[in-house]
Amino acid sequence: MLDSWRRPQLKCASDFLQSAERLQALLERERMRCDRGNASFSLLTLTFSARLSDSNLTAIARTLRDRLRITDDAGIWSARAIGVILPETPVAGAWKLADDLCELMPHELPRPKCEVFAYPSDEQPEEVLVGEEAEQPEEDRISRPMHTLFVRPMPAWKRAIDVIGASVALVLAAPLLLAVAVAIKLTSPGPVIFKQRRHTIGGRKFMMYKFRTMAANAEQRKTALLRFSEQDGPAFKLAKDPRVTALGRFLRKTSIDELPQLVNVLLGDMSVVGPRPLPCDESDRCEQWQLRRLDVTSGLTCIWQVRGRSAVSFCDWIRMDIEYIRSRSLINDVKLIAQTMPAVLLRRGAC
């Protein structure tokens, strides 16, 4: 009688399973909780070979309800998959749950394909030892990086603005680009274009282009200057950087050195508006919560560029990036583009 009161009859899957939208919101909430408390969690997905009918979903929901903890959340992951959020659960624990659920599932359902995602993602992949009775090969028992689940694909309207805006800007700026290239070549030895690996959406690496504003051996000299950085956090900023050439100072003040990144925008590695991409070595030193800036495609300008640039702390810089991600829209992008020009002309917060 007591067990019957504790577990009332489950009439349909929605009585226990969260909707896809709600499960995604719970996943984001768990990520924020872990970022604040330096904790970790896992996500288990169960993918079936065919679309799940209402009766199958109800049977799966009953199995999950009988096995999961009260702190776990389960819901629709896709038309053929179920997702289970497991707070404070290591990869080995998630795989143990996968084994148990596969054994408990109704026999008329085929064995699902199981995947485990772990957060924080930078600790992955992590190999897990399993018993001899496990049906799944041991080499498949790893966790996948969860940060890829939080990325927000670029909307069509945003890509259209990028392609049209970058194409028009490159055509109009062609004479200036040519003049700057000649000036760089005449005033200092070395290549005209500076190339550097940086991180964009999902942590993907790409080659970013800028007009060279420093001496050709600037990267080799950076290590000796790190202790003089005027920017807290992993980012390196130095107002009177001795590596910068005389022409380079002018190009930086006017942001002309950034114009070659219009090519990155056309290639899709960057957007006109988005968090500024950090060099890979600086991005790798970011705290876990700061990596949320990689949920979207990096950009030429963002809130940080129009609110002071290096005049703010690194944490405030990241908070501005997250603010943009949460409020990303066509109207906000247009506003930031319009606000960028005055910020550049007034050299607001420029180094």
Side-chain angles (χ1 to χ4, degrees), residues 154 159 161-201 203-226 229 231 234-284 294 297-302 304-305 309-310 337 340-341 343-345 347 350-351:
M154 186 181 296
R159 183 57 182 157
I161 290 177
D162 289 346
V163 173
I164 296 173
S167 299
V168 172
L170 281 172
V171 171
L172 295 178
L176 176 61
L177 295 173
L178 179 60
V180 171
V182 172
I184 293 173
K185 204 65 180 175
L186 292 176
T187 56
S188 65
V192 170
I193 298 297
F194 171 71
K195 303 176 183 179
Q196 188 178 54
R197 288 281 181 185
R198 301 209 175 190
H199 281 153
T200 186
I201 184 170
R204 181 173 62 85
K205 295 179 180 179
F206 76 101
M207 189 69 75
M208 193 188 79
Y209 306 115
K210 297 178 65 174
F211 278 126
R212 182 175 58 82
T213 60
M214 296 184 177
N217 64 344
E219 287 297 286
Q220 290 73 27
R221 296 167 58 188
K222 181 178 178 180
T223 303
L225 296 171
L226 289 176
S229 178
Q231 176 73 65
F236 177 76
K237 300 287 181 182
L238 188 57
K240 296 182 179 180
D241 195 323
R243 303 172 299 165
V244 179
T245 64
L247 176 61
R249 291 190 184 90
F250 171 76
L251 297 179
R252 288 183 163 214
K253 289 283 188 181
T254 56
S255 295
I256 292 175
D257 63 318
E258 309 285 353
L259 289 178
Q261 288 163 45
L262 291 169
V263 175
N264 289 120
V265 174
L266 285 179
L267 293 175
D269 294 325
M270 295 178 64
S271 177
V272 173
V273 182
R276 286 294 296 168
L278 289 173
C280 293
D281 62 327
E282 295 179 8
S283 182
D284 288 339
L294 299 178
T297 304
S298 301
L300 296 175
T301 186
C302 202
W304 176 68
Q305 275 69 27
R309 301 168 100 173
S310 57
I337 293 172
T340 297
M341 289 307 298
V344 171
L345 292 175
R347 302 179 181 180
C351 296

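What you see below is based on every heavy atom in this structure, not just the backbone, and it leaves out hydrogens, waters and symmetry mates.
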| task | Show the numbers, then the answer: is there a side-chain contact (heavy atoms from CB on, under 4.5 Å) between I161 and V273? | result | CA-CA 10 Å; I161 290 177; V273 182; over 6 Å; no
So which atom in [X] and which in [Y] form the shortest heavy-atom distance, rounded to 0.1 Å?
X	Y	value
T254	L251	OG1-O, 3.3 Å
C302	P275	SG-N, 3.9 Å
T187	L247	OG1-CD2, 3.7 Å
G190	K185	O-NZ, 3.3 Å
K210	P260	C-CG, 3.9 Å
G268	T297	O-CG2, 4.2 Å

Nearest 0.5 angstrom please: [X] [atom1] to [Y] [atom2], how far?
X	Y	atom1	atom2	value
Y209	M270	OH	CE	12.0 Å
T200	L294	OG1	CG	7.5 Å
K237	Q231	NZ	CD	7.0 Å
H199	F206	NE2	CZ	10.0 Å
D241	T213	CG	OG1	8.5 Å
R252	D257	CZ	CG	6.5 Å

| message | I'd like to check the side chain to side chain donor-acceptor pair (under 3.5 Å) partners of T245; sequence neighbours left out, ordered by chain and number. | response |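 By the side chain to side chain donor-acceptor pair (under 3.5 Å) rule, T245 matches no residue at all.
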| task | Applying side chain to side chain donor-acceptor pair (under 3.5 Å), name anything that partners S188, two or more places apart in sequence or on another chain. | result |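 Applying side chain to side chain donor-acceptor pair (under 3.5 Å) to S188 gives R212.
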| message | Is any side-chain heavy atom of P242 closer than 4.5 Å to one of R221? | response |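 Heavy-atom side-chain distance check passes, below 4.5 Å.
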| query | Would you say F250 and V180 make side-chain contact, with heavy atoms under 4.5 Å? | reply |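 No; the side chains remain at least 4.5 Å from each other.
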| query | Does R243 reach the main-chain N or O of M214 with its side chain, forming a donor-acceptor pair under 3.5 Å? | reply |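 Side chain of R243 to backbone of M214: no pair is present.
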| Is the side chain of K253 donor-acceptor paired with the backbone N or O of G248 at a distance under 3.5 Å, no angle test? |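 No, the answer is negative, given that no donor and acceptor are paired below the 3.5 Å cut-off.
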| field | Qualifying side chain to side chain donor-acceptor pair (under 3.5 Å) pairs with a residue from residues 261-274, counting only residues at least two apart or across chains | value |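 Qualifying pairs, neighbours excluded: K158-S271, D162-S271, R204-D269, E258-Q261, Q261-R276.
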| Derivation of the side-chain contact (heavy atoms from CB on, under 4.5 Å) call for M208 and K195 | CA-CA 6 Å; M208 193 188 79; K195 303 176 183 179; over 6 Å; no
| message | Run V244 and L238 through side-chain contact (heavy atoms from CB on, under 4.5 Å) and show every step you take. | response | CA-CA 10 Å; V244 179; L238 188 57; over 6 Å; no
